[in-house]
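Step one of this worksheet: look at the structure below.
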Amino acid sequence: MIRSALLISLLVATLSTAFAVGLGSAAGWLLARRAFPGRELVDALLSLPLVLPPTVTGYYLLLILGRRGWLGDLAIPFTLGACVIAATVMAFPLVVRAARVAFEEIDPRQRLAAFSLGHGSGSTFWQVELPLARRGLAAGAALGFARALGEFGATLMLAGNIPGRTQTLPLAIYEAAMTGENAVALALCLALTAVSVVVLLFVGRLGRGRA
Amino acid sequence: MCAALLAVLVSAAISLKGPLTEAAKQFDASFPGEPVTFTFGGSGELAAQIVSGAPVDVFFSASPVDMERVAAAGRIEVATRVAIARNRLVVIVPAGSAPPTELRGLLDPRFRRIAIGNVKTVPAGRYAKDALVASGVLGRVETRFVYGENVRQVIDLVARGEADAGFVYATDLPLGGDHIDLAFEISENLHKPIVYEGAVVAGAKAAARGREFLTFVTSAPGREMLVKRGFLPPGTTAKR
Amino acid sequence: MSTLTADIRVTRGGFSLEAAFSAPPGITTVVGVSGAGKSTLLLALLGDKSPASGRIGLGDRTLFDGKSGIDVPVHERRIGIVFQDALLFPHLDARRNVAFGMMGGDRPEAWLERVGAVSLAARRPADLSGGERQRVALARALAARPEALLLDEPFSALDPAARSSLGTLLVALQREAGVPFLHVTHDPGEALRVGDRTIALDRGRVVAQGRTTDLLSGSLRRIAGIGSDNWLRGTVLADGSDGTRVDLGGTVVATARLHRAAGEVVVLALPAEDVLLARGEIHGTSARNVLAGEVVSLDAADEGVDVVVATPVRLRARVTRAAVSELALVPGARVWLLVKASAFRAAD
């Protein structure tokens, strides 16, 4: 039980952080660079999972992705994919906020300089903006990973608590505690803590880099 | 405000929600005093909370196993432990879908997801698992289980179509309303008897009134409310 | 040979700029006080800010045309820019900064060598001084082989020595590149030192454009805030213990010792009040400079009259109104100017 929960949690947290960073960086860049009508409203909506109770977010996800949900039967609930979706949704706002700030802090004339040297929007993003935003993005990724790793409420609602399939570390800890398996619960907690510490150290190194 | 602080806190298996809520109302009306308040959930979860020291006054469990757990931890007034009702286990399906007629029917691949209470913490899940073991089909359907943290959740999963079949108590059928259909009742021979037990928690603050409520539930008016909802009287525990 | 031409109207916030000019290959300086619209002009030429109307052309390419809707994006204009604070990419060393816009063929080290910064190739911008950063910025911009180069007060934040040597470097670089350089500055001395031509901006309008030397002795005075001073550019002929001789391009003057080598370009300021005017040639005075010339025009000044005399280099002399009538000063009159050597001040 401990090993499967650990593996599932690692897989889910890594995948969802990757998705959250990919989508979140893009969203953060758009919010930072393009002033469009309703921009602040979009920012607020994207940040909702941050402030809503996880069970509320989980309920909305069920409404949309459930078998009889708005998008029809995509066979998502009770799968590993559901864990990843729930964790990504929860981690995403953290990454977006960090990304938006990181990109906004870059002197807009840096972009202009890159353009004047013949680089288009895409090339400038990859070669100038992204490296300069690296520290902020790393911080966002760290927060996102922590959030994804500790996700409970929305995961429980969308993915269920199926040992060996969707039972992540937080769900396993809860179940072990509820069934009086205190030694197991403690072991799971230590596993979760250890993973978190390792990741924070790693991401911290990425952020400091050779800036 | 003071009365609320001295309210009787009852933890009960969620399948008892209907009858116990009504019983409490009648009890408070007939015997004025501190009001009775409830926490409903899976018996295993509730037992764990009491063992950890939750300030509960009375505990109603859907199985002797969870009551035994609390007793073994020395957390009940042993003299007050009493059986209050029995129940039957049934299989349900989403409204309109073709029901299986027996447990072996669940082997059909069209039952992609089968909802069952979390075996570790929900008695209904344990009873269902026992029945499947006894029928020799557990191994082949186990991979299709999705778990509810209590029986209400199991009903919800089937009612919403997230699960193609589910195990619930016979008394829970009205809760699913038009969204579920009864497939069949599970023979009592296939699992341990489903016996609901109640007891006053050791060191309860409202012990006296708690005892009174427990007595009320086991007396005629209490039994009336249980029976009319489909619960069976406690009787003697049937041997396997 | 590419000439940068513009005839545009730009609005930015509540400010509006109207500019029509042409900058041929060479250094054209844009002079004006803060807020005159210099940055707006550069941004419009670069393509970062679209004009409300007008046309921008570079060589035979149209970069912007309000009527036909042409608006070439920044990265396709082939116009480089050097900012006041260099704005190098902080995460790349000098070599990679220079290589950023290169399209292959050249070596970044060659460009760094050209600007005298080859020893800095491996350093990060944070480890460079202001002057070193500007050298790298120049190399970076030119390495991309632009068809025109804009410079936004590139030397304003540097000390005078750095300003001077970089100015010399800039002139050499332009000669090699052979494209128009548009150099924005608020310092008329720098304009004189570096620019063949000057455009004067005042409150969003081009008030004058032409040869730098002409402008600085004319209407540019007020705009550039140089009052009635004469601003002159010349080449040092000789420099010794009893002073320096400078060729202003047709007129040779003697000044106090400037400690400059022969052949060096120098910018001098001479207050109009320090120029004496006489109707006849006078001998036996202590003035080291006695210059013959012809009155070109008379301009009313705050306290008196500025008499502009062609020697042939145009010099201003400030005299009283009484003197004008007493000496019968009219355009065309032959006069002599007397100037002490010490009245000239090096302005760079």
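Excluded from the calculations below are hydrogen atoms, water molecules and symmetry mates; all remaining heavy atoms, backbone and side chain alike, are included. By convention in this document, chain letters (A, B, ...) are assigned in the order of the sequence lines, proteins followed by strands, and residues within each chain are numbered from 1.
Between chain A and the options Ala144(C), Pro146(C), Gly101(C), heavy-atom pairs under 4.5 Å are most frequent for Gly101(C).
Residues of residues 84-99 of chain A never come within less than 4.5 angstrom of chain C, heavy atom to heavy atom.
Heavy-atom neighbours of Tyr60(A) OH from other residues, nucleotides or ligands within 6.0 Å: at or below the threshold of 12. Remark: Arg55(C) CZ is packed, more than 12 non-hydrogen atoms of other residues, nucleotides or ligands lying under 6.0 Å away. Counting heavy atoms of neighbouring residues, nucleotides and ligands inside a 6.0 Å radius, atom CZ of Arg175(C) does not exceed 12 of them.
Side chain of His75(C) to backbone of Ala114(A): no donor-acceptor contact under 3.5 angstrom is found.
To the nearest 0.5 Å, atoms CZ (Arg111(A)) and CG (Leu87(C)) are separated by 13.5 Å. Taking CG of Leu112(A) as the start and NZ of Lys49(C) as the end, the distance is 13.0 Å to the nearest 0.5 Å.
Here Tyr174(A) pairs with Phe152(A) under the ring pair (Phe, Tyr, Trp, His ring centres under 6.0 Å) rule; sequence neighbours left out.
When side chains are defined from C-beta on, Phe83(C) does not count as touching Asp107(A), because their heavy atoms never get closer than 4.5 Å. Using a 4.5 Å cut-off on side-chain heavy atoms (C-beta onward), Ser116(A) and Leu46(C) make contact. Under the 4.5 Å side-chain criterion, counting only non-hydrogen atoms from C-beta, Phe100(C) is in contact with His119(A). No side-chain heavy atom of Val128(A) sits under 4.5 Å from any side-chain heavy atom of Leu92(C).
Proximity to chain A is absent for every atom of Leu150(C), based on heavy atoms less than 4.5 angstrom apart. Heavy atoms of Arg140(C) lying under 4.5 Å from chain A belong to its backbone as well as its side chain.
Between Arg109(A) and Asp85(C), at least one side-chain N (NZ, or NE/NH1/NH2) sits under 4.0 Å from a carboxylate O, which counts as a salt bridge.
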